[in-house]
4 protein chains.
Amino acid sequence: MTNFCSDNASGAAPEIIEALAKANAGAAMPYGDDDWTRRVEARLQQIFETDCRVFPVATGTAANVLGLSLLTPPYGAVYCHEEAHVNIDECGAPEFYTGGAKLVALPGAHGKLSPEALAAAITGAGNQSRVQPAAVSLSQATEAGTVYRPPEVAAIAEVARAHGLGLQMDGARFANALVSLGCTPAEVTWKAGVDVLSFGATKNGAMAAEAVVLFRPELAESLPYRRKQGGHLFSKMRFLSAQLEAYLEDDLWLALAARANASARRLADGLAAIPGACLVHPVEANEIFCRLPEAMIDGLLADGFQFYRWGAPAASEVRLVCAFERTEVEVDAFLAAARHLAGTADAAAVSA
Amino acid sequence: MTNFCSDNASGAAPEIIEALAKANAGAAMPYGDDDWTRRVEARLQQIFETDCRVFPVATGTAANVLGLSLLTPPYGAVYCHEEAHVNIDECGAPEFYTGGAKLVALPGAHGKLSPEALAAAITGAGNQSRVQPAAVSLSQATEAGTVYRPPEVAAIAEVARAHGLGLQMDGARFANALVSLGCTPAEVTWKAGVDVLSFGATKNGAMAAEAVVLFRPELAESLPYRRKQGGHLFSKMRFLSAQLEAYLEDDLWLALAARANASARRLADGLAAIPGACLVHPVEANEIFCRLPEAMIDGLLADGFQFYRWGAPAASEVRLVCAFERTEVEVDAFLAAARHLAGTADAAAVSA
Amino acid sequence: MTNFCSDNASGAAPEIIEALAKANAGAAMPYGDDDWTRRVEARLQQIFETDCRVFPVATGTAANVLGLSLLTPPYGAVYCHEEAHVNIDECGAPEFYTGGAKLVALPGAHGKLSPEALAAAITGAGNQSRVQPAAVSLSQATEAGTVYRPPEVAAIAEVARAHGLGLQMDGARFANALVSLGCTPAEVTWKAGVDVLSFGATKNGAMAAEAVVLFRPELAESLPYRRKQGGHLFSKMRFLSAQLEAYLEDDLWLALAARANASARRLADGLAAIPGACLVHPVEANEIFCRLPEAMIDGLLADGFQFYRWGAPAASEVRLVCAFERTEVEVDAFLAAARHLAGTADAAAVSA
Amino acid sequence: MTNFCSDNASGAAPEIIEALAKANAGAAMPYGDDDWTRRVEARLQQIFETDCRVFPVATGTAANVLGLSLLTPPYGAVYCHEEAHVNIDECGAPEFYTGGAKLVALPGAHGKLSPEALAAAITGAGNQSRVQPAAVSLSQATEAGTVYRPPEVAAIAEVARAHGLGLQMDGARFANALVSLGCTPAEVTWKAGVDVLSFGATKNGAMAAEAVVLFRPELAESLPYRRKQGGHLFSKMRFLSAQLEAYLEDDLWLALAARANASARRLADGLAAIPGACLVHPVEANEIFCRLPEAMIDGLLADGFQFYRWGAPAASEVRLVCAFERTEVEVDAFLAAARHLAGTADAAAVSA
């Protein structure tokens, strides 16, 4: 049955696998001194319309924490949403990689930081007993499946800049956000004030490939050493870069994200029409958070659909993630089952 | 022209790439909760004849430093050979991952630690101003292309155990060592006293896959968290495990290492017979360290062969690494060129 | 004019200074191998009625973070009140000393953690993406000037123990709490489930001396090395220990705290009777948090009294700390000024 | 009997203790916002003839590692003599405070680094697998009791600067070195290229006080936070600063060091004249390293003199440290005992 647990439950797009096979021919100098890596950097410079620097790594956590380590001293404060992946799901990696920096977790509707909440939280500068404001981290798309519009990013960046803070973007689902926004990659990153981007590919069809993209070239000075000290420098780097190259070629990344988003849209619309189902957040990328009747949740799981319960234990909330490979048929099957259970549940309720 | 720079300059064995393509079918639960990962652990338990615990990661540095982080507190001393990869080539990763432990680098002929030198170096236990003896790290095969025989490992382990130290083995070229030794994997690891092994596959034909193998099960308790905090937990773990599975299947790993070793043997024997060439270390795995006349080094590089000069700038020493895919034809071409240059050099010397 | 800013604004009790002068006679072995240090440990073992281990350090932050470093791995979660000194006022020292652990800050009335809030917050155990529940930190007295009664500590300890967590107590104002509680030192620490205590003396009359007190002897194994690695091992340790010895002699510590608490009690009672003044928290030790009319705050500062505004910028809240040396005369002078301003403020309000 | 174990075995100079008593009068703002701290900075600026920044701490290890943390990233290499305190006697504090930097220990006659050895060791810049050259640490006086002359410091600074490295000086015995050299404090520090100095006072008569002196003002930006994050910010800072103020007043520091050096000179001259005694290093400060007949060592210890054996177990070497308070009478008593034992030893040897 279809897996809606995570975009990580899917494999890789066939083009990515083919690219690996092709990249396997012949010798290549190790540690990034290869043509694939050079081409990926050039391609991302085109895509982002600027001389950004590009460092491939294999995991999203590595990309995030290496990026953050460039923006904060060990005694720094990094402001992020309380549900941010860096705050919740990286097992202390940001604290470890920064040598002790503190994540300051802020609330915010639908997974998004507001400039006002950020501005109010930035305190203690110059007070030697307090961690020093150093950076802001945004997730794009957010952990609630929403996206920041370019002016929203810019408003946060303005607060950051006014206090001398760097701005990092966790783009594990950057492609999904971009497709949803319909803007250019530049508009929602460096033109809006982003300094460092974790350019995610794994969740959207790569096997295991992300890129740390640095929009301020001086940040690139220490990254090679931090990457190696973290154990993230691949000897056969071409296999990371080949994934990224294929991901970018012919806009595959945008096509995959468009498919995932469309599936999510279709699924959200379908669910919204089912009595008892209630969307928790706007569906703006490929994730759906939805409250469902308990009997429907149980029924869907019993039917073999795979997904996670979410939020508080008694919240009757589920998360449904549409991977790049989800099809209309799969989505419709889920909806049909849900509709069927809605009837059943009604019937059960009636007969009870 | 043939690349003898490093086993990292080669791609992956075709079987590995095929395994990735095969592993791409269907959904699989992320973060290691998949069948490939379970099968790899079971297979390595068979191979090592014990209930070891297995944690796949993507780089050798990650495997080494995660392993070491299990064996030493932040105020610990880790004893290793002065040329060890952990000491020289990991950009401070061991210090970083252990929170400040100190590598105590020891000399030793042909890249090998001796039990006597180790015993003499273990000092300061109980002195609160000194880092506390915590672990020993051995490279198998060594950075000098030599191997530790099981009794040699056991002798070092005995010193370690007598002082309460853990024993880690950097097995980036474990297969090459094993084939050279002709013993069982168990005999040269846990039966000889090894606690933690970096089981390398990348240099010997994988794309990017290593396994931290823990022979003391209690060490496994913290590894999942340390791996994640280091950013080394793969979401689509099946792609790491599939590489390892293919690597082990039908003893591919041993076949690849045997080919690399045989090439190195053939190359070493050929070089030894060339006037002016002088092997620096016994050739026991797939690496050759050799002093050559300067004119021969220049000539071989001019001919397009790729390899690194080694040691002190004026040492006229080179390192030649035979990857798993090196062929007799390639080796013979190198030797022919060297022999030709030996003649040329002689002639030049005569005519000068 | 009298300084109510902090107990740190006072100097040391005369007995402490005299003890330093006395300790200066003759040679003594360095690094804690001296009689003062041995006597302090013995005395604290008497006071706590158990074979605790005692490690003098010079700052409260050092005591706290060394203690915490014994209870949590780098990937651990440490639960504390959101206003705890370790969370707010130590500039990331806990994260630094633990190698990356995360402080999980919890709300709680009047500066106190509740067992229920703690139990609800302890999540993620066994989930490799989450920091692992490791320890709880309590402040005694709290940052709100309240104290935990022994059954309250025990209730929190029970939750901690049920989840396998260690319990640390930040006792920067331990003497003030103890005097307020009227229980034995043992009853509110190890008998209630505390594993590690920062036994503070600096705020209560020492020059700069605290002790890390370990109630589980096995924790003492690594502390000497962690203390040295943190740079906190005094060479002339006798001067730390002599302060602590004098602090404990003839129950000086209890007498000093009793005086501070009595001053705070008198001040609180006096304030409570002034129209427009409103105590924010119960006054159970030597700190008072009070809302006052803005005109009164301005007037008291203009009169030369020293204290800090507290809380949100517009909260009209002040913190008044009574150091060990505060006298009734000083307290009464403050109250007289406040009462006078209350009249003025009333008059001003009337005339406005 | 007289203690020659360490300058740490002595107490404090009476002037220091008196200064503490005097500093105890009245309230003072905490955390360094006090007059003593301001006066110490001003006084050291006079003494060093430059606008250096001054940060008091309580231990030499804290001063050293906070200073080093300003000069190296986590992936940096710090070059020092193999016997340096930072390398041997600080239990990994430099690695901990720098987040993983590597101390590269170099040999050198009589405890001193040579510019040639340093230049030869600085390698790997730009190689992402290697720690990056970042800083040099010198001990002044050295661990062998010798001193660097200003041109020697300058020669090392020139090598450091040519490679972009910072230069830190561990001045735990700075006063002893200065008195020995007869130059100005400026000449042997910033004028010779030193960036950061650990200005030691504890070994030379303070109770527990050192100062991190920064000769490049931009380094001062992060030090307050690093000091607090390390737990080294004193709340009642006046008591650190009052020690330093008294130490500097009327050149007490130079008088104390002069006495210690003179005692060492007298002791060294006396020993040199005893048959069988052999000085190991030039005696240029207040430490003497000397080989003595085994029977003489045993005899002196049996007589109750306190000192440490040194070097290899069978080296028959001792270290004798003259603290600031050593008198001619004490030195002469030691020499008389040694001379007596020289006779005894001869007699024993003859009769054997």
Side-chain angles (χ1 to χ4, degrees), chain B residues 29-34 37 53-57 65-66 68-78 92-102 123-134 164 212 218-237, chain C residues 29-34 37 53-57 65-66 68-78 92-102 123-134 164 212 218-237:
Chain B
M29 292 308 285
Y31 300 118
D33 185 14
D34 65 74
T37 303
R53 296 293 317 277
V54 174
F55 296 85
V57 293
V65 297
L66 287 171
L68 286 175
S69 76
L70 304 176
L71 299 179
T72 177
Y75 51 82
V78 177
E95 290 85 352
F96 174 52
Y97 270 81
T98 60
K102 198 180 194 68
T123 59
N127 178 341
Q128 62 185 333
S129 290
R130 301 284 164 88
V131 285
Q132 292 300 293
V212 183
E218 77 276 13
L219 294 173
E221 202 180 314
S222 75
L223 199 84
Y225 310 110
R226 291 185 181 275
R227 179 172 61 175
K228 177 62 184 177
Q229 192 169 31
H232 291 291
L233 177 63
F234 267 47
S235 54
K236 301 181 179 177
M237 180 88 85
Chain C
M29 292 308 285
Y31 300 119
D33 186 14
D34 64 74
T37 303
R53 295 294 316 278
V54 174
F55 296 86
V57 294
V65 298
L66 287 171
L68 287 175
S69 77
L70 303 176
L71 299 179
T72 176
Y75 51 82
V78 177
E95 291 85 351
F96 173 52
Y97 270 80
T98 59
K102 196 180 196 68
T123 58
N127 178 341
Q128 62 186 331
S129 291
R130 302 284 164 90
V131 285
Q132 293 299 293
V212 184
E218 76 276 15
L219 294 173
E221 202 179 315
S222 76
L223 198 85
Y225 310 110
R226 291 185 181 275
R227 180 173 59 175
K228 177 64 183 175
Q229 191 168 33
H232 292 289
L233 178 63
F234 267 47
S235 54
K236 301 180 179 177
M237 179 88 84

#### Entry: Flag, side chain of B:Tyr97 to backbone of B:Gly230, donor-acceptor distance under 3.5 Å
yes
### Query
Under a 4.5 Å heavy-atom cutoff, which of C:Pro224, C:Pro74, C:Ser69, C:Ser129 has the most pairs with chain B?
C:Pro74
### Task
Look at the side chain of B:Arg227 and the backbone N and O of B:Pro56, then say whether any donor-acceptor pair between them is shorter than 3.5 Å.
yes
### Message
Could you check whether any side-chain N or O of C:Gln128 sits under 3.5 Å from a backbone N or O of B:Tyr31, counting only pairs where one atom can act as donor and the other as acceptor?
### Response
yes
## Note on the structure
Pair count under 4.5 Å, heavy atoms only, with chain B: among C:Pro73, C:Gly99, C:Gly126, highest is C:Gly126
### Message
Heavy-atom cut-off 4.5 Å, strictly under: side chain, backbone, both or neither for C:Ser222 against chain B?
### Response
both
### Contact origin within B:Arg130 toward chain C - heavy atom pairs under 4.5 Å
backbone
### Task
Heavy atoms only: give me the nearest B:Arg226-B:Leu66 pair and the separation to one decimal.
O-CD2, 3.5 Å
